[in-house]
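To keep things clear, I will list the structure first and then write my remarks on it.
Index from 1, following the sequence. Indexing begins at 1, ligand by ligand and atom by atom, following the structure's order.
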Amino acid sequence: MRRRQAEKKICIVFGTRPEAIKLAPVIQQLEAWGKPFRAVIVNTGQHRELLSPYVRLFGIPIHYDLQIMEPNQTLNTVCSRALASLDCIMAAENPDLVLFQGDTTTAMAAAMAAFHRRIPSGHVEAGLRSGNPESPYPEEMNRRLITQMATYHFAATQGNRNNLLREGIDSRKVFVTGNPVVDSLQKILEERKTSSSLEELVQATKGLKLLVLTTHRRESFGEMMAGNLRALREFTDRHNDVALVFPVHPNPHVSAVASEILSSHPRIHLISPLGYDDFIHLLSHAWLIVSDSGGVQEEAPSLGKPLLILRENTERPEAVESGVARLVGGNSEHLTLMLEEVYAGGTWTEDVKRVENPFGRGDSGFRIVQAIARALHVSAEKSPRESEAAGIDSRFLASEEAREPAPALPA
Ligand code: UDP
């Protein structure tokens, strides 16, 4: 006779768009697994307007919406408001595991809320390190603090795992799972849904070399961002077969300088931030991507697109080592030289199409949930057929004949 397992409540906390993109595949896999997992999903609302389309796109059910965003919020107000609200949720729900992703203030507050309540927790995208606590700021420090407070660490790459082991983290608590951004991106490409406005934009730039730009990081604000935007405008001006598309982040540090430097040019398109489906499809049409975003460094290799990284350093060296990305540094003259080098030809834009994606194969959500099941001693209660359809390894099935030890996940 099948014995019912005690329910395992997994509290998933996010508050910004990259967290929604990267936790959606984990939530979908928890749902696919079914009992005894029960997901309790918390949106802190660290970003509001930017985030809601992602929640809708991935169909994420929100159980708690903390709406912590305030005008002129500071890191300390975000942190204290998130921590206070999350503490109430921890007390009310008493979950078996708290799950968070990445390096945001939301993720750091969730790790701390769980730690203070002595609730086990898991960190998705663990082990990224730039080596400089000031850059990216405050993300690098958030990552280091989260590592100290989390119980389980889901590292995207072997390099990320090595970073954690060097810091003395117990190797049995570190799982190499790939990055779930690859799962989300593949799903979007399969669904092939784009808006008519994106189709129009793609048509308008057809036949031109399409350069897609994103920049909104704190470290880029000010003269560095202005210099980079001037270099990009001059480059687009010099070459009449180049079009530049820039989905402009709503932060006034970005939107003001973008409209000052890049507006009123026939081949430069300043547009509102795109939904994930449109953004990924836009990237898939790119000749070259220029960005300071972290997620885009994982998406470029997933799409086989060349990327110039507008940063001094990167915590994703795999993108550079694989040959897909090149670091520009903080100097706009260097950006100009690199843009001209790509324009002059060479094989880079073709070579990147053949690079193996260092961030995974699109099964990361599944691997993370497998690791959670193993850590919490959970087996699937679905029938073998349902489990197979959901992609659950047969050794996790609850039936007696399938009660072999859970598979060791690759280190
Ligand atoms: N993104 C998007 N629409 C846009 C620009 C970016 O959907 O107009 C996505 C992008 O694909 C990436 C994520 O937003 O996955 C990156 O978010 P952000 O740059 O805010 O954070 P970071 O990746 O730097 O942590």
Minimum-distance protein heavy atom relative to atom 17 (O) of ligand 1: Arg17 NE, 3.3 Å
Heavy atom of the protein closest to atom 1 (N) of ligand 1 (residue, atom name, distance): Phe279 CD2, 3.6 Å
Nearest neighbour in protein (non-hydrogen) for atom 7 (O) of ligand 1: Tyr54 OH, 2.5 Å
Proximity flag Gln297 to ligand 1, non-hydrogen atoms under 4.0 Å: no
Polar atom proximity, Glu299 to ligand 1 (N or O, under 3.5 Å): yes
Ligand 1 N/O within reach of Gly294 N/O, cut-off under 3.5 Å: yes
Thr16 and Thr104 side chains, donor-acceptor separation under 3.5 Å: no
Greater than 12 external heavy atoms within 6.0 Å of Glu191's CD: yes
Heteroatom proximity flag, Gly275 to ligand 1, N/O under 3.5 Å: no
Carboxylate-amine/guanidinium proximity below 4.0 Å for Glu234 and Arg230: no
Pair Arg117 + Glu93: basic N to acidic O under 4.0 Å: no
SB check Arg311 Glu219 (cutoff 4.0 Å): no
Neighbour count above 12 (heavy atom, 6.0 Å) for Phe58 CZ: yes
Numbered atoms and elements of ligand 1 in range of Arg217, under 4.0 angstrom, heavy atoms: 24 (O)
Residue, atom name and distance, where the atom is the protein heavy atom closest to atom 8 (O) of ligand 1: Leu274 N, 2.9 Å
Numbering as shown, the atoms of ligand 1 that approach Gly295 to under 4.0 Å (heavy-atom distance): 22 (P), 23 (O)
Heavy atom of Lys22, distance to ligand 1 below 4.0 Å: no
Region of Tyr276 engaging ligand 1 - heavy atom pairs below 4.0 Å: both
Atom indices of ligand 1 within 4.0 angstrom of Ser293 heavy atoms, with elements: 16 (C), 19 (O), 22 (P), 23 (O), 24 (O)
For atom 25 (O) of ligand 1, the protein heavy atom that lies nearest, with its residue and separation: Pro18 CG, 3.8 Å
Donor-acceptor side-chain pairing of Ser195 and Asp278 below 3.5 angstrom: yes
Mutual orientation of the aromatic rings belonging to Tyr343 and Trp287 [parallel < 30°, tilted 30-60°, perpendicular > 60°]: perpendicular
Which segment of Ile21 sits under 4.0 Å of ligand 1 when only heavy atoms are counted: side chain
Ring geometry between His47 and His249 (parallel below 30°, tilted from 30 to 60°, perpendicular above 60°): perpendicular
Under 4.0 Å to a heavy atom of His216 - the qualifying atoms of ligand 1, by number: 18 (P), 19 (O), 20 (O)
No-hydrogen, no-angle side-chain donor-acceptor test under 3.5 Å, Thr147 and Glu167: no
